2 protein chains.
Amino acid sequence: MTDATDFFFDAFGNRNRFRILKSLGNKELCAGELQKELMIEQTNLSHDLKCLLNCQFITVRKSGRKRIYKIKPETKELVEEVSKHIKKYELYLKKCNIIKEEENGEI
Amino acid sequence: MTDATDFFFDAFGNRNRFRILKSLGNKELCAGELQKELMIEQTNLSHDLKCLLNCQFITVRKSGRKRIYKIKPETKELVEEVSKHIKKYELYLKKCNIIKEEENGEI
DNA sequence: TTTATATATGAAAAAAATTTCATATAATAA
DNA sequence: TTATTATATGAAATTTTTTTCATATATAAA
């Protein structure tokens, strides 16, 4: 059973794609700029951007040989809500020792 | 690099856990009731609940041999925001043919 | 019209998440 | 006590997602 919820989380619920959305919150950026800013490998970034585009979180336009990405206003709002929540609950979230417990150092 | 964002999405960004949070939006429920309502297999549900608990999205209390789960008000708000967004963009999201393209029937 | 730059694509490899399964525990009832 | 119900745990199997890699395309510059 696949519904919109799955697509939403597939696109949205990922660290790098969320970072991309946050970066695009302030300003339009082309792929190369995102790459430098976020230190994501070129092909990964390209895959992530495609995913975000397909789920309509962002839009693109061409300019010379660059492709300039822009976040949609609705996406921006949602990203801000979620960011606020994460910030507020940071300490609790970091205490989660179920998932990624080794990395979190709490066995 | 693991930060609060990862923990947030690990717990929140999953279909079944999101369904659990939605069910708990209306009323407190024990594990058995959630199981019936959502048709999630017992051990899976238990793992999911543990994950949600650890990331502080929900709370539990004991009552006899049952464990009654309750969503936190802040989580509820966020779930509502996200639900609204998913509903609004449902058609776009369903058109996403990058992820899960076979299941979506659009090759 | 070749070369360089910016970005995209697709398949295979690797990593991570989810599911399954066998079993454990805790509380109540018989 | 022993049995039963409700739920949790941990490890192995499976599935899904992410990353890597090799290559393609499109635009502009030389």
Side-chain angles (χ1 to χ4, degrees), chain A residues 1-2 5-20 24 28-55 58-70 96-104 107, chain B residues 1-2 5-20 24 28-55 58-70 96-104 107:
Chain A
M1 185 180 19
T2 300
T5 308
D6 295 295
F7 292 118
F8 176 83
F9 284 122
D10 282 337
F12 193 80
N14 164 283
R15 178 186 171 69
N16 278 339
R17 288 193 288 274
F18 190 66
R19 289 172 70 216
I20 292 169
L24 294 175
E28 296 186 1
L29 289 171
C30 70
E33 290 166 328
L34 277 167
Q35 203 188 327
K36 264 184 234 150
E37 188 164 318
L38 301 176
M39 303 280 284
I40 302 176
E41 193 273 330
Q42 189 270 317
T43 58
N44 287 345
L45 179 66
S46 197
H47 285 136
D48 283 339
L49 288 169
K50 187 168 186 178
C51 176
L52 292 171
L53 270 174
N54 271 278
C55 284
I58 59 177
T59 55
V60 227
R61 66 183 160 83
K62 280 185 196 171
S63 166
R65 48 187 158 189
K66 297 189 175 177
R67 296 187 125 232
I68 301 183
Y69 291 91
K70 184 177 184 173
C96 173
N97 59 347
I98 292 308
I99 293 169
K100 299 208 177 75
E101 58 188 9
E102 331 77 60
E103 294 160 57
N104 203 25
I107 314 285
Chain B
M1 185 183 14
T2 299
T5 309
D6 295 295
F7 291 118
F8 176 83
F9 285 122
D10 282 338
F12 193 79
N14 164 284
R15 178 185 171 68
N16 278 339
R17 289 194 286 275
F18 190 65
R19 288 173 70 216
I20 292 169
L24 293 176
E28 297 185 1
L29 290 170
C30 69
E33 290 167 327
L34 278 166
Q35 203 188 327
K36 264 183 234 152
E37 189 163 318
L38 301 176
M39 303 279 285
I40 301 176
E41 194 272 328
Q42 190 269 317
T43 58
N44 286 346
L45 178 65
S46 198
H47 286 135
D48 283 339
L49 288 168
K50 188 169 185 176
C51 176
L52 292 171
L53 270 174
N54 271 278
C55 283
I58 59 176
T59 54
V60 227
R61 66 183 160 84
K62 280 186 196 170
S63 165
R65 48 187 157 189
K66 297 190 175 175
R67 296 187 125 233
I68 301 184
Y69 292 90
K70 185 176 183 171
C96 171
N97 60 347
I98 290 310
I99 293 170
K100 299 210 178 73
E101 59 188 7
E102 332 78 58
E103 294 161 57
N104 203 25
I107 315 287

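The structure displayed is predicted, hence computed values, not measured ones. Below, read A as the first sequence line, B as the second, and so on, with proteins coming before strands; counting in each chain starts at 1.
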Check your understanding: Taking the nucleotide of DNA chain D with the closest heavy atom to each, which residue, Lys62(A) or Val60(B), is nearer the 5' end?
Key ->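 Closer to the 5' end of DNA chain D: Val60(B).
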Note to self: Both Gly13(A) and Arg67(B) contact DNA chain D. Taking the nearest nucleotide for each, which residue is further toward the 5' end?
What the structure shows: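 Closer to the 5' end of DNA chain D: Arg67(B).
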For residues Leu24(B) and Leu52(B), determine if any side-chain heavy atom of one lies less than 4.5 Å from a side-chain heavy atom of the other.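 Of all side-chain heavy-atom pairs linking Leu52(B) with Leu24(B), none is under 4.5 Å.
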**Report entry** 4.5 Å side-chain heavy-atom contact, Leu49(B) and Arg67(B)
**Finding:**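 No; the side chains remain at least 4.5 Å from each other.
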When rounded to the nearest 0.5 Å, the distance separating CG of Leu53(A) from CG of Asp48(A) is 11.0 Å
Margin query: ring-ring contact (aromatic ring centres under 6.0 Å, His included) for Phe9(A) and Phe9(B)? Distances and angles first, verdict last.
Written below: CA-CA 9 Å; Phe9(A) 284 122; Phe9(B) 285 122; 8.1 Å; no
| task | Using a 4.0 Å heavy-atom cut-off across all strands, classify Tyr69(B) as base, sugar-phosphate, or nothing. | result |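 Contact class for Tyr69(B): sugar-phosphate only.
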Across the strands shown, which category fits Asn14(A) at heavy-atom distances under 4.0 angstrom: base, sugar-phosphate, nothing?
->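 Sugar-phosphate contact only - Asn14(A) comes under 4.0 Å of backbone atoms but never of a base.
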Arg65(A) meets the side chain to side chain contact (heavy atoms under 4.5 Å, CB included) criterion, sequence neighbours left out, with none
Pairs under 3.5 Å (Watson-Crick or G-U), crossing ones as [ ], inter-strand ones as |: DNA chain D comes out as ||||||||||||||||||||||||||||||
Rounded to whole Å, the CZ-C1' distance (Arg61(A) to dA6(C)) equals 15 Å
Could you tell me the separation between the CD atom of Gln35(A) and the C1' atom of dA6(C), rounded to a whole number of Å?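 Interatomic distance, CD of Gln35(A) to C1' of dA6(C): 9 Å.
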Residues at least two apart in sequence or cross-chain that pass side-chain hydrogen bond (donor to acceptor under 3.5 Å, both in side chains) with Thr59(A), listed by chain then number, are none
Checking dG10(D), dT7(C), dA8(C) against the side chain of Leu49(A) (C-beta onward), the nearest is dA8(C)
Counting only side-chain N and O atoms of Lys50(B), is one of them less than 4.0 Å from OP1 or OP2 of dT9(D)?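 Yes.
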*Please figure out whether Gln42(A) or Arg65(A) has its closest DNA chain C nucleotide nearer the 5' end.*
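Looking at DNA chain C, the more 5' nearest nucleotide goes with Arg65(A).
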